[in-house]
There are 2 protein chains.
Amino acid sequence: MTHSPQKPSLKKLRPPQRDAQATQEKILEAAEREFSRHGLKGARIGEIAQNSGVTTAMIYYYFQSKEGLYKAVLERPALEVQEIMSGLNLDQKPPIEALKAFIEAAIAYEAKHPHRGMLWFQEANQNGGEYFKLNKGSWSGIFAYINAILERGMADGSFRQLDPLVTIVQILGICIFYFNIHENWKHFMPDYDRLSPEAVNKHTQEAIDLILNGVKASKI
Amino acid sequence: MTHSPQKPSLKKLRPPQRDAQATQEKILEAAEREFSRHGLKGARIGEIAQNSGVTTAMIYYYFQSKEGLYKAVLERPALEVQEIMSGLNLDQKPPIEALKAFIEAAIAYEAKHPHRGMLWFQEANQNGGEYFKLNKGSWSGIFAYINAILERGMADGSFRQLDPLVTIVQILGICIFYFNIHENWKHFMPDYDRLSPEAVNKHTQEAIDLILNGVKASKI
DNA sequence: GTCTATAATACGATAGAC
DNA sequence: GTCTATCGTATTATAGAC
């Protein structure tokens, strides 16, 4: 669009028009959105190309195939979540504090990536989790991390006796479902922005109240 | 396939090979599965035709267009859930009993239609809920019905003070999310059938414990 | 009411120039 | 590294016979 004088005076003084990494990032970003909307089969390479400002040929150049791009898209969040979780140091906090911190982090993450959850739903429903399984290692680590909090809480008497495997899924459901159904649910309350910071904060507080009251050992 | 003698002796003595209603049912059944997998855009008419044992021409004959079929598919569950809900007579039970009955019914429904939830996610993510909105009336009624339980519980002191609009979504998340992520989650526990009656019963009991403890007024 | 055949288009992937 | 052009196939929807 702009006149960029091609002076080759100094190498890398300004970002070159040919930036392999930047191009891949742009593609991944657009692909994540497209795959979250339509899944592997339904996603359109042309749409990804258009939304990332590249040609379809570039996508094949970097990712070989639609499937290769899909795998790359699924890998990013797995690594990212792993990093966030280990930064929380949940194993060094009392169970109640740790669980509270986890809830806040989970909701904050979903609020930041409100469409990312659909990636996993699409994957589950279209492919039976066969591609999800490729990052099973990452997710298992996170899974075990939360499990440890619940086990620890039961052991020290701060939580009631519960089934941690089922409860983890239910806790995630509380935190995440809110965002997954947003586009339908918003029609019930057209004047209320469910994704505003205030609304998300409300959701967070209610989730903490519901979950902590739900898992705490009875005080009687 | 079989030799069916075309004796026109008595009309309608046995079900005719040309059964308009039965054909439509078969189409709707296969369409629900296909749309839940791929959404409106990604669904393939040919796939629906093959899985329902009819030709694509028949689908257009009965439903005019892919969009028309989609609308018909989305309408069925809305009416069905409405009927189930009104059969529970929740307004005649004490809030705690009513909420318990709702949780059991919600989970039983999801267990019976484990893929149906994906219909709404696809609709939310692909179409922004524009087709969901067409049945807004049905869903609003159900929504108000549960809201009334929570309001009643807060009024009579059996529930703590909570935000019913947010809490309803969170309760649904607990009940439903379990099924939505099943195809991914099963890879964490390959030897455990999460959809077996025993497993679903476990989920139900844990959900009741979590939710009722979560919303009940503190006993201190 | 149900079928076969087909028109019109859209898509995934590649070849080859620059 | 990036583009344009294109091949082969799959898909929606319709026409017309039975």
Side-chain angles (χ1 to χ4, degrees), chain A residues 1-2 4 6 8 11-12 14-31 33-35 37-73 122 126-127 131, chain B residues 1-6 8 11-12 14-31 33-35 37-73 122 126-127 131:
Chain A
M1 298 294 183
T2 60
S4 48
Q6 311 261 25
K11 283 190 276 190
K12 295 208 170 176
R14 61 179 63 185
Q17 300 149 312
R18 300 188 162 201
D19 187 334
Q21 194 171 344
T23 303
Q24 291 179 60
E25 295 274 359
K26 280 191 300 183
I27 294 172
L28 280 173
E29 208 62 39
R33 188 79 188 104
E34 177 72 5
F35 282 125
R37 272 198 209 276
H38 305 290
L40 173 56
K41 189 181 165 193
R44 298 289 165 246
I45 294 287
E47 196 74 15
I48 296 171
Q50 200 166 334
N51 291 336
S52 55
V54 304
T55 62
T56 63
M58 286 309 302
I59 294 176
Y60 286 95
Y61 176 74
Y62 282 116
F63 298 97
Q64 288 73 51
S65 66
K66 195 186 191 185
E67 191 189 22
L69 178 57
Y70 185 60
K71 285 179 184 172
V73 165
Q122 300 284 14
Q126 288 187 13
N127 312 317
Y131 293 92
Chain B
M1 300 291 185
T2 61
H3 304 271
S4 50
Q6 312 260 23
K11 286 189 276 188
K12 296 212 172 176
R14 60 180 63 187
Q17 299 149 312
R18 299 187 164 203
D19 187 333
Q21 194 171 345
T23 303
Q24 290 179 61
E25 295 274 357
K26 280 191 300 182
I27 294 171
L28 280 173
E29 208 62 39
R33 189 80 187 101
E34 178 72 4
F35 281 125
R37 272 198 210 275
H38 305 289
L40 172 56
K41 189 181 166 192
R44 297 290 165 243
I45 295 287
E47 197 73 15
I48 296 170
Q50 200 166 332
N51 291 337
S52 56
V54 305
T55 62
T56 63
M58 285 309 302
I59 294 176
Y60 285 97
Y61 176 73
Y62 282 116
F63 297 97
Q64 289 73 50
S65 63
K66 195 187 191 185
E67 190 189 22
L69 177 57
Y70 185 62
K71 286 179 183 170
V73 164
Q122 300 284 14
Q126 288 187 14
N127 313 317
Y131 294 92

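Chain identifiers are assigned alphabetically (A, B, ...) following the order of the sequence lines, protein sequences preceding nucleic acid strands; residue numbering begins at 1 within each chain. Reckoned from all heavy atoms, side chains included, excluding hydrogens, waters and symmetry mates.
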Does any non-hydrogen side-chain atom of [Y] lie less than 4.5 Å from one of [X]?
{"X": "B:M58", "Y": "B:Q24", "value": "no"}
{"X": "A:Y60", "Y": "A:I45", "value": "yes"}
{"X": "B:K41", "Y": "A:R44", "value": "yes"}

Rounded to whole angstroms, how far apart are [atom1] on [X] and [atom2] on [N]?
{"X": "A:Q50", "N": "C:dC11", "atom1": "CD", "atom2": "P", "value": "10 Å"}
{"X": "B:R44", "N": "C:dC11", "atom1": "CZ", "atom2": "P", "value": "9 Å"}
{"X": "B:E47", "N": "D:dT12", "atom1": "CD", "atom2": "C1'", "value": "15 Å"}
{"X": "A:F63", "N": "C:dG12", "atom1": "CZ", "atom2": "C1'", "value": "17 Å"}
{"X": "A:Y60", "N": "C:dC11", "atom1": "OH", "atom2": "P", "value": "12 Å"}
{"X": "A:I48", "N": "C:dC11", "atom1": "CD1", "atom2": "P", "value": "12 Å"}
{"X": "A:K41", "N": "C:dA10", "atom1": "NZ", "atom2": "P", "value": "19 Å"}
{"X": "A:L69", "N": "C:dA13", "atom1": "CG", "atom2": "P", "value": "10 Å"}

A:A72 and A:F63: which non-hydrogen atoms are nearest, and at how many Å?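 That closest heavy-atom pairing would be CB-CE2, 3.9 Å.
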Across the strands shown, which category fits [X] at heavy-atom distances under 4.0 angstrom: base, sugar-phosphate, nothing?
{"X": "B:A43", "value": "sugar-phosphate"}
{"X": "B:Y61", "value": "base"}
{"X": "A:A20", "value": "sugar-phosphate"}

Pair A:Q122, B:Q122 - check side chain to side chain contact (heavy atoms under 4.5 Å, CB included), show working. CA-CA 9 Å; A:Q122 300 284 14; B:Q122 300 284 14; 3.0 Å; yes
Phosphate-side-chain proximity, B:T55 and C:dC3, N/O vs OP1/OP2 below 4.0 Å: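 True: B:T55 side-chain N/O within range (under 4.0 Å) of C:dC3 OP1/OP2.
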Looking only at the side chain of [X] (C-beta and beyond, no hydrogens), which of the listed nucleotides [options] gets closest?
{"X": "A:Y62", "options": "D:dG1, C:dT14, D:dT14", "answer": "D:dG1"}
{"X": "A:T56", "options": "C:dG1, C:dT14, D:dA15", "answer": "C:dT14"}
{"X": "A:K66", "options": "D:dG1, C:dG12, C:dA15", "answer": "C:dG12"}
{"X": "B:T23", "options": "D:dT2, D:dA15, C:dT2", "answer": "C:dT2"}
{"X": "B:M58", "options": "D:dT2, C:dT2, C:dG12", "answer": "C:dT2"}

